[in-house]
Amino acid sequence: MMKCEAVRDNLGAWLDGEVGHPEADQIRGHLEGCPACLAEKKRLDQLQSSLQEVLRLEAATVPFELFWSGVERRIAEKLPWRLQLLDWLRPVFYPGRLAWAIPVVIVSILGLLSLDQILPEWPWVNKNNRTAVESIDAFGFNVAIFREYDTKTTVIWLFENQDDEEQSSAEPIQDDNPTF
Amino acid sequence: MQLSDWELVQKCQKGDVGAFQELVARHYSKVFMVVLGILNQREDALEIAQEAFFRAFRKINGFRGGAAFYTWIYRIAVNLSIDFQRRQKRNPTEFRETVDDVAENQTESESDPYRDLQRSELGKQILAAIDDLTPDHKAVIVLRAVEGLSYREISRILGCSEGTVMSRLHYARKKLQEKLTPFLS
């Protein structure tokens, strides 16, 4: 038999249908025999329905024409060139499309730093070798070892692929399975 | 036959503003409710809700149907509302008309269900009690009340875990109950 305190802690989640079966049955059973917890449930119900009603009635006072006119005015206004440029560039910078770019930039930088090893015969490559990239690996993590010979400094750099889609504000959630 | 939200979005992406108007017609009321619940200021809520749809329009080409349109627009609206409220907290001098002020300014001869409910103590007290919550707590309780969204959907809108949604809801309800006990039967 659940105690009142435990029931009340989970009452909101239970009303929301977010409590699993065995526990939900225990709460239901408890409510049948506990007038105090039943009163608590009724108060929560009342709270939820009153809030919904207040907001619903307030929303009913806003006609669609009024609402749409505000949206339409914004659409019709000419955006500053910076925002227009941002809108134009935005598809390029979606995290999913950007994922490939980060490793390419890193490899390019490391490649430039290692030019004297890759192309030792090129005349314009610095012969006074002070830095070198020792290895790049990709077993789950990408690993770069950056060694500076003069000071005998070694930097080991572990970095993950940027596959996870960042969900910044006002961006769509990108799932594999459309829910429409 | 009525088009689905996704079909309307696809039409918008081809430049059909009429399709976007249809999307707004379908969802503006609930988006406005959510924003109003967070801001408790009618004029601000109207502005923010309209701005949310405008932002959605601007970014519609990036919407690829990974989530329902309504969760996307709620996400935009909630983020704008929370940002707005935080900015307002930093600059609180600007006067705004709250829902309570609107109700009190009505003449006695006017009578409609909303005003009647507003005049009722419970309606006023609920809005006042919610106004004392943090924006994050307001968002969860309003999203749950307005749309009956699941914790999973709310967590996706707010970008937090389901456990966080549950604990925020629990805390918010507890606070509301403490303040509203005399008004709840």
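First the proteins, then the strands, lettered A, B, ... as listed; each starts at 1. Both backbone and side-chain heavy atoms feed into the values below; hydrogens, waters and symmetry mates do not. Being a predicted model, the structure only gives us computed values, none of them experimental.
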Is it the backbone or the side chain of A/Arg8 that comes under 4.5 Å from a heavy atom of chain B, or both, or neither?
backbone

Given a strict heavy-atom distance threshold of 4.5 Å, which part of A/Leu11 is in contact with chain B: side chain, backbone, both, or neither?
neither

Report the option among B/Glu162, B/Met166, B/Glu47 that has the most heavy-atom pairs separated by less than 4.5 Å from atoms of chain A.
B/Glu47

Counting only non-hydrogen atoms closer than 4.5 Å, does B/Leu80 touch chain A with its backbone (N, CA, C, O), its side chain (CB onward), both, or neither?
neither

If the test is side-chain contact (heavy atoms from CB on, under 4.5 Å), which one of B/Phe57, B/Tyr28, B/Phe20 qualifies with A/Val71?
B/Phe20

B/Ala52 portion near chain A, given a 4.5 angstrom heavy-atom threshold:
neither

Go through A/Leu51, A/Asn10, A/Ile75 and name the one with the most non-hydrogen pairs under 4.5 angstrom from chain B.
A/Ile75

I need the residue from A/Gly70, A/Gly17, A/Ala60 with the largest number of non-hydrogen atom pairs under 4.5 Å to chain B.
A/Gly70

Is it the case that A/Asp16 and B/Tyr151 place a side-chain donor and acceptor less than 3.5 Å from each other?
yes

Please list all pairs meeting ring-ring contact (aromatic ring centres under 6.0 Å, His included) that have one or both residues in residues 30-55 of chain B, counting only residues at least two apart or in different chains.
A/Phe67-B/Phe53

Side chains of B/Glu153 and B/Tyr74 only: does a donor on one sit below 3.5 Å from an acceptor on the other?
no

Do any N or O atoms from the side chain of A/Ser50 and from the backbone of A/Leu47 form a donor-acceptor pair under 3.5 angstrom?
no

Under 4.5 Å from any heavy atom of chain B - which part of A/Glu40:
both

Using modelled atom types and a 3.5 Å cut-off, is there a donor and acceptor pairing between side-chain atoms of B/Arg144 and backbone atoms of B/Leu149?
yes

Using a 4.5 angstrom heavy-atom cutoff, name the option from B/Val24, B/Leu46, B/Ile141 with the most pairs to chain A.
B/Val24

Salt bridge between B/Lys11 and B/Glu7, side-chain N to carboxylate O under 4.0 Å?
no

